[in-house]
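Quick notes on the structure that follows.
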Amino acid sequence: MIHLVGPLSQLRDALDRTSLSLPLDGATRAEEVRDELTAQLVDYVIPRVERIDAPLLVVLGGSTGSGKSTITNSVVGMNISLAGVLRPSTRTPVLVSHTDDRSWFETGGVLPTLPRNTGDRPSGAGLHLVTSDALPAGLALLDAPDIDSVEVANHELAAQLLGAADAWLFVTTASRYADAVPWEYLRRARDRSVALAIVVNRVPPGASVEVVDHLAVMLHEQGLHDVSIMPIEEQAVDDGLHDGRLSTGDITEVRGWLDGLVRDDGSRDELVTATISGVLDSVPARVEIVSQAVDEQRQAIDGLRRISIDEYDAALAALDDELGSGTLLRGEVLDRWREHVGTSAVMERLQQGVGRIRDRLLAMITRSAVDVEETKEQLGSNLEVLVRNHADRAALATVERWERVEGGETVLAAADRGIDRPTSTLTSRLADELDDWQDGVFEIVRDEAGNKLAIARVVSFGLNGVSVAVMIAVFSQTGGLTGAEAGVAAGTAAVTQTLLTAIFGDSALRELVQTARDDLRLRLAGVFAVERARFESLLAVHTSSTGRDELMASVMTLGDARRSG
Amino acid sequence: MRSPTLAERIDALERAVTIAHGRFDDAKVGEASTVLDKVRARAGHGTDRTVIAVVGSTGVGKSSLFNALVGSTVSSTGVRRPTTSVAHASVWGDGDAALLDWLGVGRRHHVDAAADDPRAGLVLIDLPDFDSTNAANRDEVDRLVALVDVLVWVTDPQKYADEALHHGYVRPLAGYGDIMRFVLNKIDTVPEDRRSELVDDFRARLVDDGVTDPTVYVTSVADEVGVDAISAVIDEAVAARRSMVTRLETDLRSAALSLAANDGDGRGGLDKRDRREFVDRLGRAAGADAAGSVVAAQHRHDARAAMGWPPATLLTRWRRRHPIADLPRATGSSVAGSEVDLALRDVGEAAAGDLSSPWPRVLRDIALGHADALRPRLTAVTSEIARDAVGRPRWWGVVRALQQMLMIAVVVGAVWLLAAALLGGFLGFDTDPLLIDTPGAEWIPLPSLLVLGGLGLGFILSLLVRIPVGVAARRRGRRVRGALVRRVGQMADETVLADLDEALADRRRFGDLLATAAR
């Protein structure tokens, strides 16, 4: 059996790395299954396969007020667990073992995550350890907290303890045996083929046959066959108990069942093997539930990611369209530009290749230098408005679509209030990118003009002016202008075009504009990527670091190991 | 302040639901509507009847207690669990079939009671358990727990701390403390010296659930202990005839609180600065600045055409476009649409302040809903105001006449000189008599003076008028800009801002209505 430790640890680690935080159908159930399985692997299965001959652990579980502690005390013959009228009476689990077995339980062979506590009285959340030679060697009894009181922590602990049991002694009462909660646990015992016996406590005198028969029918209906049912009669209030314990006669049957478990090595091994096989057999189905849920979570997250990518891509495409169609070129900016380029003698001078010093001086001292700066600025601010608006739309559209998709609300719950708006740093980031881009255009223009006659022409118009002309060309090239706008904006663009062609030549110009446009597109994509990153980091929280494949592979490895052993 | 009546509370919640409809989560609004329907239905049956339910876990002796209260065996008891699986009612006095039909209780048992019997009008219902494997029982309990006037919870020393009781029912119903009673049955199973400790523990758990000052009755039906006290409680409830109203008021209160819990207590609203900023941005998007400069340019253009130095205007007149023709292009900036969208989102966000969901969404949708209508209206307004602002002042006519007179002088002088030149140059006439001296300035002939003076004065005049024209053009530009911003402001007030204010007013009303329903 020891060779299973590796595969089991691997499975445990894989389960640990799953995230099931989106409230999809069945996620809660899968989370329960996963937590329970992980706990069972850690608390019971791995310790058990490490030492198959370790003492048997019988866990007493059941409803509050069903008398678990009284039964434990009665079996052992001394008051080790607190019984009382206040519910729930047992909060600290008490583990009784034979003196010989003490070290196994003390060192944390089973339930390694629970702290041990060996004081005189049970207290705190740890496991209270007691030794008693009234129990046979190789058998330990664990009095678990209840499964159904208002103390929810008790249920979780009880479920964990029952998961670590080689055998369950399930305690209920005549008025409780049809409660819904205990049956959930009994079905769990059935699913894991754990050895099981049921004590029905507090049976009214004379009613035991009717109750036991009814319970047997109910067990049968749930697929639990051959379960020992041991009734114990209701004790009279004042003199039924001896020092709080049941009489030897009342407890004989329970004692007998316990002794039978360890009568000889054969029956003991059979029991251990049956229980552990039952658990191991249940592993593939349980992991399947988890891995299916993990897969659904991954799909949901992928879907959400897809939405955010779609929206930001669409926004970028729409922005690109608007930039290419010359929309930026309308308005006041271009009027000034037209005055600067079109009406001045710049064109003629360029075409003649003559730049007279007087003209240049004039240009420097007149408004044209200012106009170039203004044009540049206004192009920048117009572009910012467009980018902001598209970033705004993408954020809102993503949020709105997420809200309608399963799991989206949960992911958004962790978001800042402004998640449906652009980031606060958008303006400054965009300004930086535009500055860099404009500098880049400036560089390109200078490089392009490097060795040619163009230098003179560029100089006569001003390097800055030519850069702006290139920017305008970038925003007008695909020129989808229509109607009345086309006349003016296209006119402007055409003038600019002629100017630039005169400077650089046709093919060089085309290349230059293309380079500048690609650069801009790249920078805008970068700006949008930062916007979208907020959504990505929201998703990251919910992403599992392990997938269905790894989980199923662990199960396969485990199956192979079992067969080879 | 006077406490609102049941009818007033119903009305308040009803109006709050109307406001919440379509804005809040449909499920939440649906819950409140369901409560309203139920409250109206129960109130319709009047206070003459008091519906009391005995409810408890399986095996706590609920049916035995019920039988003891009725005084005969109407509910079956036994050791097989669960026993009671269908609710049934014992009705004192004349039956009210409509009420029982509404409650959906089919099994009925009539107890004769005269009109002056303290129990006349009592409907006592034995409910099934809520914790057995039979899930249908739980559904029946859930259904009736929502409808009855008084709830008598029965438990016993084994089950008094069960999660099914406390988390399943008492905690969610903690606000109904006034109409809930708690019975700890089978007290005989606990040694006498431990009983008070047990009762205290039960009471502490109820307080922990949120029930204010719960009363716990201790019974042992088998020994007929404590049943009289429960009977007395029931008689008292029937006599007081207050239970139904208390129950329904509590229903309305919890529905109102649950809606209000959705609302949060952030603050929203638009202050003066938000409004001004919004209008400014719309004005910018409408091209107020551009329209101002276009109008100013048009004014200068018109002035030049009307009063310019004729030789110069002759040259440029036909070449220059009218600036006003560029208006749509200058103002209809490509980014105007985006500006409008951004301004709308910002104003929606400002209005939402730190209000909690759903108000930010509601206000955002209201604001954005105006985008499509607003954009063309802004353009239309801009062009209308700009075109109205174009016009020629009367004094231009005087200057224009002056310029024309000067031009006539120039022409006269020129013709004169030409005539002199022709007569003298070609035909050899003596032209001296023609070129008469200017009186007072003998050094220059009159025709020359006419030409030179006309041209010179015209040019000086055209320069001089530029000063008042420039001032007037700037003023017109400013006026257009101002008028446009005012008009846009008015438009914003009437549309976007009005709708936002109304939604915010709704939200305040909503809070007040819920407070009334919950008081």
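Here the structure is a predicted model, which is why all the values come from computation and not from measurement. Per chain, numbering begins at 1; letters A, B, ... match sequence-line order. All values below come from the heavy atoms of this structure, side chains included, with hydrogens, waters and symmetry mates left out.
Only the side chain of B:D365 comes within contact range of chain A, with heavy atoms under 4.5 Å apart. Neither the backbone nor the side chain of B:D208 comes within contact range of chain A; no heavy atom of the residue lies under 4.5 Å from a heavy atom of that chain. Contact annotation for A:H155: only side-chain heavy atoms (C-beta onward) come within less than 4.5 Å of a heavy atom of chain B. For a residue to count as touching a neighbouring chain, one of its non-hydrogen atoms must lie under 4.5 Å from one of that chain's; by this rule A:E184 does not touch chain B.
Between the A:R87 side chain and the B:K159 main chain, no donor and acceptor come within less than 3.5 Å of each other.
Other residues, nucleotides and ligands contribute only 12 or fewer heavy atoms inside 6.0 Å of the CG atom of A:D416. For B:H167, the NE2 atom sits in a packed shell: over 12 heavy atoms of surrounding residues, nucleotides or ligands are nearer than 6.0 Å.
Side chains of B:Y160 and A:L86 form a contact here, defined as non-hydrogen atoms less than 4.5 Å apart. For the pair A:R417 and B:P360, the minimum side-chain heavy-atom distance is below 4.5 Å. B:T133 has its side chain out of reach of A:D179: every pair of non-hydrogen atoms, C-beta onward, lies at least 4.5 Å apart. Counting heavy atoms from C-beta outward, B:L368 and A:L396 have side chains that approach closer than 4.5 Å. Looking only at side-chain heavy atoms (C-beta outward), A:Q235 and B:T189 stay at 4.5 Å or farther from each other.
Screening A:D148, A:V152, A:D146, A:T64 against B:E163 for a side-chain contact (heavy atoms from CB on, under 4.5 Å) leaves a single residue, A:V152.
When all heavy atoms are compared, the tightest approach of A:R388 to B:L342 is CB-CD1, 3.7 Å. Between B:R138 and A:A180 the shortest heavy-atom distance is NH1-CB, 4.1 Å. What you find for B:G59 and A:S175 is that their closest heavy atoms are O-CB, 3.5 Å.
Here the OH-OG distance, from A:Y177 to B:S132, works out to 10.5 Å after rounding to the nearest 0.5 Å. Annotation: the span from A:S149 atom OG to B:L165 atom CG amounts to 12.0 Å, rounded to 0.5 Å. Taken to the nearest 0.5 Å, the OG atom of B:S357 stands 11.0 Å off from the CG atom of A:L412.
A salt bridge links B:D162 with A:R176; the closest basic N to acidic carboxylate O contact falls under 4.0 Å. A:E151 and B:R205 are joined by a salt bridge, as a carboxylate oxygen and a charged side-chain nitrogen come within less than 4.0 angstrom of each other. Ion pair A:D420/B:R364 flagged as a salt bridge, since at least one NZ, NE, NH1 or NH2 atom sits closer than 4.0 Å to an Asp/Glu carboxylate oxygen.
Of the N and O atoms on the side chains of B:Q158 and A:T173, at least one donor lies less than 3.5 Å from an acceptor on the other residue.
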